[in-house]
Amino acid sequence: MYAQLVETGLKNVRSLDEMSPEERAFQARIDDGVKIEPKDWMPDAYRKTLIRQVSQHAHSEIVGQLPEANWVTRAPTLERKAVLLAKIQDEAGHGLYLYSAAETLGVSRDQLLADLHSGKAKYSSIFNYPTLSWADMGAIGWLVDGSAIINQIPLCRCSYGPYARAMVRVCKEESFHARQGYDIMMALCKGTPEQKQMAQDALNRWWWPSLMMFGPSDAASVNSAQSAQWRIKLFSNDELRQRMVDQTVPQAEYLGLTVPDPDLKWNEETGRYDFGQIDWEEFHNVLRGNGPCNRERLQTRKKAYDDGAWFRDALVAHAEKKQTAQAAA
Ligand code: FAQ
């Protein structure tokens with residue numbers, strides 16, 4: 001993938017000749033498939049890139065609970081409610097593994113959260129869209145968790161050990177999430193015409209934002225070439241997006257739903273689907289903080305953090321008291 005990105009003109013990576021001897025040795029370990037561990041020497045920029053990506057990923061898992069939490073009290077059956085709750089709790093767990101993985105890079109959790117709350121750190125664009133009906137729970141599991149899996153399976157083989165290992169369990173749980181989402185869509189599509197229409201409406205609203213999850217096109221992606229050289233990224237944004245389309249269109253057909261893209265067409269030559277233009281203006285607008293729910297999501301997270309202050313303080317006070325008692329004994 002690295003060679004392919006350099007060919008497309010993304011040359012913001014250093015050649016071996018431009019690297020220091022330490023950097024060259026580091027790159028050689030990466031090229032040999034050796035995992036980088038927290039205490040190993042690493043270039044500052046590698047550490048910074050990982051802190052950025054892993055923390056954004058952690059924030060996405062945590063903020064990603066909010067759109068679904070909206071439907072816990074309105075799930076149509078007790079079983080659906082229990083399953084949805086379990087899924088949302090899994091996402092909290094993913095956030096915690098990922099914050100721990102980021103902390104191994106020398107950044108504190110307080111700093112990571114401060115960056116989220118101040119708007120400095122990003123989280124995935126997808127979580128800035130509203131969940132208007134129960135069918136959105138199906139569409140999120142099917143399309144959003146489906147996209148997350150496609151993006152994250154390769155991360156299980158990425159060069160940074162703690163991130164790669166965290167991803168193994170995350171991916172297993174995401175598979176269950178995608179299945180539960182598709183199961184909701186199946187039930188709606190086999191139901192009344194109104195229920196099927198709800199499923200179609202959810203697909204119409206979540207399709208394009210799900211494709212945006214993979215990030216800007218390869219030509220516009222500023223970080224891809226360097227991340228590919230360091231084996232943080234094993235496949236490009238466009239390649240993973242194409243996999244999502246190829247995998248999902250037959251699933252939509254099986255449900256009897258129409259993908260909202262008039263340009264979607266099977267291409268005999270490539271053996272893949274051609275699809276229409278993504279509205280990048282919408283994507284960048286969401287990244288700038290102007291999506292339908294950006295402000296609400298951030299406010300909710302900040303409030304949860306502030307409301308939990310007394311509990312964190314109590315934990316610290318308890319730990320300190322215990323330590324003092326142990327020291328005195
Ligand atoms: N949203 O140069 P690139 C989930 C930013 S987890 C917001 O291509 P990169 C589970 C990017 O940060 C979903 N920002 O960047 C779940 C960069 O900005 P910066 C999260 C985006 O890092 C399901 C700039 O654009 N998954 O869904 C987005 O090489 C249901 C230029 O982009 C991960 O985080 C976006 N969509 O590639 C939870 C996976 N795309 O920081 C609850 C790990 C790009 O330079 C419910 N992350 N940007 O100012 C990745 O694989 C990568 O970070 C990419 C972006 C592919 C997202």
Side-chain angles (χ1 to χ4, degrees), residues 1 5 10 12 45 48-71 84 87-95 97-98 101-102 115 119-129 131 136-137 139-156 158 160 163-164 166-167 170-171 173-178 180-181 206 208-230 232-241 244 278 280 282-289 291 294 297:
M1 170 189 152
L5 284 167
L10 292 173
N12 59 340
K48 235 173 117 184
T49 293
L50 273 168
I51 290 175
R52 178 184 62 80
Q53 177 166 329
V54 178
S55 66
Q56 283 180 10
H57 194 165
H59 298 326
S60 303
E61 301 281 358
I62 297 297
V63 177
Q65 297 175 97
L66 300 176
E68 289 171 289
N70 191 30
W71 283 88
L84 184 62
K87 177 196 190 288
I88 295 171
Q89 285 175 359
D90 285 351
E91 308 298 2
H94 300 173
Y97 308 147
L98 287 163
D115 288 348
K120 185 175 161 209
K122 295 190 172 75
Y123 56 86
S124 183
S125 49
I126 192 76
F127 302 119
N128 292 305
Y129 290 85
T131 43
D136 289 10
M137 299 304 97
I140 290 181
W142 173 35
L143 303 174
V144 177
D145 287 275
S147 297
I149 295 169
I150 291 170
N151 169 273
Q152 289 168 23
I153 294 275
L155 289 173
C156 299
C158 80
Y160 189 57
Y163 192 28
M167 279 300 111
V170 168
C171 285
E173 292 178 350
E174 299 292 21
S175 304
F176 149 66
H177 300 168
Q180 69 88 36
W206 290 93
W208 292 107
S210 297
L211 294 191
M212 293 175 197
M213 279 178 76
F214 295 91
S217 69
D218 292 350
S221 165
V222 283
N223 302 303
S224 282
Q226 183 59 82
S227 289
Q229 187 185 34
W230 283 329
I232 295 170
K233 273 186 166 177
L234 302 187
F235 298 98
S236 78
N237 297 359
D238 285 336
E239 168 58 24
L240 294 176
R241 191 173 4 254
M244 146 68 171
I278 289 175
W280 292 116
E282 176 181 326
F283 173 72
H284 289 296
N285 204 34
V286 173
L287 261 56
R288 283 193 290 267
N294 291 60
R297 299 283 184 249

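Order of appearance sets the numbers: ligands from 1, and atoms from 1 within every ligand. Scope of the values below: all heavy atoms of this structure, side chains included, with no hydrogens, waters or symmetry mates.
- Close N/O approach between Ser227 and ligand 1 is not found [any backbone or side-chain N/O within under 3.5 Å].
- For a threshold of 3.5 Å applied to N or O pairs, the pair formed by Glu91 and ligand 1 contains no separation below that value.
- For the residue pair Tyr123 and Asn128, a side-chain donor N or O sits within less than 3.5 Å of a side-chain acceptor on the partner.
- Interface of Ser221 with ligand 1, defined as ligand atoms under 4.0 Å from a residue heavy atom, comprises 2 (O), 3 (P), 8 (O).
- The Asp145 neighbourhood of ligand 1 comprises atoms 23 (C), 30 (C), with distances under 4.0 Å to a heavy atom of that residue.
- Looking at Asn151 against ligand 1, only its side chain comes within 4.0 Å, counting heavy atoms.
- Ligand 1 has an N or O atom lying under 3.5 Å from an N or O atom of Asn237, backbone or side chain.
- Applying the ring-ring contact (aromatic ring centres under 6.0 Å, His included) test to Phe283 and every residue at least two apart in sequence or in another chain returns Trp280.
- Interface atoms of ligand 1 facing Gly64, defined by a heavy-atom separation under 4.0 Å, are 42 (C), 46 (C).
- For ligand 1 and Phe283, the ligand atoms under 4.0 Å from any heavy atom of the residue are 28 (C), 35 (C), 36 (N), 40 (N), 44 (C).
- Taking the side chain as every heavy atom from C-beta outward, Cys158 and Leu234 never approach each other to under 4.5 Å.
- Not a single protein heavy atom sits closer than 4.0 Å to atom 54 (C) of ligand 1.
- Ligand 1 has no nitrogen or oxygen under 3.5 angstrom from a nitrogen or oxygen of Ser60.
- Near Gln56, meaning under 4.0 Å from any of its heavy atoms, are these atoms of ligand 1: 12 (O), 41 (O).
- Checked by atom type and distance alone, the side chain of Ser147 pairs as donor or acceptor with a backbone atom of Leu143 at under 3.5 Å.
- Using a 4.0 Å cut-off to heavy atoms of Glu174, the atoms of ligand 1 that qualify are 10 (C).
- Here's the thing with Val222: one of its N/O atoms is less than 3.5 angstrom from an N/O atom of ligand 1.
- With ligand atoms numbered from 1 in the order given, ligand 1 contributes 1 (N), 7 (C) to contacts under 4.0 Å with heavy atoms of Tyr123.
- Taking any N or O of Leu287, backbone or side chain, none lies under 3.5 Å from an N or O belonging to ligand 1.
- Geometrically, ligand 1 and Glu61 share no nitrogen or oxygen pair separated by less than 3.5 Å.
- Rounding to the nearest 0.5 Å gives a distance of 6.0 Å between CG of Asn151 and CG of Leu240.
- Counting heavy atoms from C-beta on, the side chains of Lys87 and Met137 never come closer than 4.5 Å.
- Residue-level proximity to ligand 1 for His177 is absent, since no heavy atom of it falls below 4.0 angstrom.
- Residue Arg52 has at least one N or O atom closer than 3.5 Å to an N or O atom of ligand 1.
- Remark: minimum distance from atom 15 (O) of ligand 1 to any protein heavy atom is reached at Asn223 ND2, 3.2 Å.
- Considering backbone and side-chain N/O of Lys87, none are found under 3.5 Å from N/O of ligand 1.
- For atom 35 (C) of ligand 1, the nearest non-hydrogen atom of the protein is Ser125 OG, 3.5 Å.
- Asn294 places a side-chain N or O within 3.5 Å of a backbone atom of Gly291 that can act as its donor or acceptor partner.
- Arg297 places no side-chain N or O within donor-acceptor distance of the main-chain N or O of Val63, the cut-off being under 3.5 Å.
- Looking at Tyr160 and Ile232, their side chains never come closer than 4.5 Å, going by heavy atoms from C-beta outward.
- Between Ala58, Pro216, Ser147, Ser217, it is Pro216 that holds the heavy atom closest to atom 32 (O) of ligand 1.
- Using a 4.0 Å heavy-atom cutoff, Tyr163 is listed among the residues neighbouring ligand 1.
- With contacts defined as side-chain heavy-atom distances shorter than 4.5 Å, the pair Trp206/Thr131 qualifies.
- When all heavy atoms of Asn237 and Pro216 are compared, the closest pair comes out as ND2-O, 3.0 Å.
- When only non-hydrogen protein atoms are considered, atom 57 (C) of ligand 1 lies nearest to Met213 O, 4.0 Å.
- For the residue pair Gln56 and His59, no side-chain donor N or O sits within less than 3.5 Å of a side-chain acceptor on the partner.
- At least one heavy atom of Lys233 sits under 4.0 Å from some atom of ligand 1.
- For ligand 1, the atoms sitting less than 4.0 Å from at least one non-hydrogen atom of Lys122 are 14 (N), 18 (O), 19 (P), 41 (O), 49 (O), numbered in the order shown with element in parentheses.
- Under 4.0 Å is where a charged nitrogen must lie from a carboxylate oxygen, and between Arg241 and Asp238 at least one such pair does.
- Applying the salt bridge (Lys or Arg N to Asp or Glu O under 4.0 Å) test to pairs two or more places apart or on separate chains, none has a residue in residues 50-59.
- None of Leu66, Ile62, Asp145 except one satisfies the side chain to side chain contact (heavy atoms under 4.5 Å, CB included) rule with Glu91; the exception is Asp145.
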